[in-house]
Amino acid sequence: MYTQGDLLYEGKAKKIYSVNDNEDLVWLEYKDSLTAFNALKKGSFDGKGLVNAQITALIYDHFEKQGIQTHIVKIQSPRDHICERLKMIDLEVVVRNTLAGSTAKKFQIEEGTALEKPLLEFFYKKDELQDPFISDDQALMLKTVEKQSHLDEIKLKALKVNDVLFELMDKSGIRLIDFKIEFGWSKDGKIVLGDEVTPDSCRLWEKGSDEKLDKDRFRRDLGKVEESYQKVLKSLKENI
Ligand code: TMP
Ligand code: ASP
């Protein structure tokens, strides 16, 4: 049985605790808070942590079955996961299937424009700099990883996540527009998927209506935030 140790870090959506008597693990607690625009906009709803923890648990279990290694070791409670302690890589890896959000805005291309092939982008994970877009060479200059081959491996893994997640969402009646994931180094030197996959970190549009079922509802004040997150959970549960 695992017991919760000290609080190591509090992020915008999760708290990370140590696990007593086990240096190789951390205890992740999903919070009810919602933030956007680097926490300039703040909100929350009761049960948000619970719904996101359950969504990540379902998706990561599916990933493992499809050969994608994730950090989850055990579902401790519906809101708490015991995870491998990874040395996180300071990259936000974004994959887009349909253009939306920052890249649509940057190039003045209409949101919803289909992409011929998935578009992968790196952002440097640094709150003080508002997580800027970076090139491969900049990622190396900043020493996010040691070598180009690591970036290549991250890209391959992110594209595999895209394939598996796209299909899972599609089966659940949801269009996977884009998402952000994060990787870390495991103790045995592997690049492992960490963090979360939730409506906070993805753009998810309902098939047919194109209704937004993700954090854009909060970012853009569209209402029905909680309802939409619950809809994603329900659809996944019914179709996984
Ligand atoms: P973007 O269009 O704002 O660059 O976002 C791309 C995807 O990444 C989208 O699914 C939302 C997600 N995302 C995060 O998870 N965290 C962030 O801090 C940002 C900016 C985006
Ligand atoms: N994740 C960032 C924040 O919490 C930005 C966003 O998702 O819009 O502020």
Side-chain angles (χ1 to χ4, degrees), residues 9-16 28 30-45 48-49 51-53 55-56 59-60 70-71 88-115 118-135 138-139 144 154-155 157-159 161-162 164-166 168-170 174-184 193-206 210-222 225 228-229 232:
Y9 177 77
E10 179 159 1
K12 289 186 281 248
K14 294 184 284 303
K15 285 183 184 171
I16 304 176
L28 246 67
Y30 281 70
K31 306 198 306 182
D32 285 345
S33 52
L34 260 171
T35 68
F37 315 118
N38 204 9
L40 281 177
K41 180 168 176 164
K42 292 193 172 83
S44 70
F45 66 82
K48 188 257 182 181
V51 71
N52 271 3
I55 290 171
T56 300
I59 292 174
Y60 278 25
T70 78
H71 66 160
M88 293 309 290
I89 296 168
D90 289 334
L91 287 174
E92 300 208 334
V93 185
V94 169
V95 181
R96 303 178 192 273
N97 297 299
T98 298
L99 219 51
S102 67
T103 303
K105 193 169 169 202
K106 183 171 171 181
F107 297 115
Q108 297 276 292
I109 298 173
E110 196 187 343
E111 199 164 75
T113 302
L115 290 162
L119 178 67
L120 190 146
E121 299 171 343
F122 289 135
F123 293 82
Y124 184 39
K125 203 171 155 59
K126 193 115 195 139
D127 280 346
E128 307 92 279
L129 303 176
Q130 283 94 45
D131 302 342
F133 174 90
I134 54 171
S135 67
Q138 287 173 341
T144 57
I154 289 170
K155 287 185 197 179
K157 289 196 151 117
L159 291 174
V161 165
N162 185 47
V164 173
L165 188 59
F166 187 94
L168 174 63
M169 289 296 176
D170 189 58
I174 295 169
R175 293 179 62 199
L176 177 64
I177 303 302
D178 59 31
F179 62 89
K180 182 269 306 178
I181 46 179
E182 296 179 27
F183 293 92
L193 180 64
D195 199 43
E196 64 178 63
V197 171
T198 65
D200 277 5
S201 63
C202 303
R203 282 199 175 87
L204 304 169
W205 295 0
E206 188 171 58
D210 273 352
E211 188 178 285
K212 293 177 176 41
L213 300 175
D214 56 68
K215 196 157 95 171
D216 273 345
R217 299 210 71 86
F218 170 71
R219 291 191 191 96
R220 303 179 187 187
D221 294 318
L222 301 174
V225 181
S228 303
Y229 280 48
V232 172

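Atom set for the values below is all heavy atoms of this structure, side chains included, hydrogens, waters and symmetry mates excluded. Both ligands and their constituent atoms are indexed starting at 1 by order of listing.
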Got P118 and F166 here, is their nearest side-chain heavy-atom distance under 4.5 Å? no
So do the side chains of I154 and F122 get within less than 4.5 Å of each other, counting heavy atoms only? yes
Should T103 be counted as touching ligand 1, given the test is an N or O pair under 3.5 Å? no
What pairs with K14 under side chain to side chain donor-acceptor pair (under 3.5 Å), at least two apart in sequence or on another chain? D195, E196
Hey, is the main chain of [Y] close enough, under 3.5 Å, to the side chain of [X] for a donor-acceptor pair?
X    : Y    : value
R175 : D210 : no
K48  : Y30  : no
S201 : I181 : no

Assess R96 for proximity to ligand 1: is some non-hydrogen atom of it under 4.0 Å away? yes
Tell me every residue that passes salt bridge (charged side-chain N to carboxylate O under 4.0 Å, His left out) with E182, counting only those two or more places apart in sequence or in another chain. K125, K180
Test of understanding: with side chain to side chain contact (heavy atoms under 4.5 Å, CB included), list the residues that count as partners of E10, not counting sequence neighbours. L7, K15, K31
Neighbour count >12 (heavy atoms, 6.0 Å) for atom NZ, K41: yes
Quick check on K105: does its NZ atom have over 12 non-hydrogen neighbours (other residues, nucleotides or ligands) under 6.0 Å away? no
Under a 4.0 Å threshold between the charged nitrogen and the carboxylate oxygen, would D178 count as salt-bridged to R203? yes
Atom 20 (C) of ligand 1 within contact range, any protein heavy atom under 4.0 Å: no
Minimum-distance protein heavy atom relative to [atom]:
atom                    : result
atom 9 (C) of ligand 1  : D178 OD1, 3.1 Å
atom 1 (P) of ligand 1  : S102 OG, 3.4 Å
atom 15 (O) of ligand 1 : K180 CE, 3.0 Å
atom 18 (O) of ligand 1 : E92 OE1, 3.8 Å
atom 11 (C) of ligand 1 : R219 NH2, 3.6 Å

Identify, by atom number and element, the atoms of ligand 1 in contact range of [X], meaning under 4.0 Å from any of its heavy atoms.
X    : answer
F179 : 10 (O)
D200 : 15 (O)
R203 : 1 (P), 2 (O), 3 (O), 5 (O), 6 (C), 9 (C), 10 (O)
G101 : 2 (O)

Here's a test for you: under side-chain contact (heavy atoms from CB on, under 4.5 Å), which of V95, L165, T98 qualifies with L176? L165
Ligand 2: which residues have a non-hydrogen atom closer than 4.0 Å? K12, T35, A36, F37, N38, A39, K215, R219
So for C202 against ligand 1, with non-hydrogen atoms under 4.0 Å, the contacting part is backbone
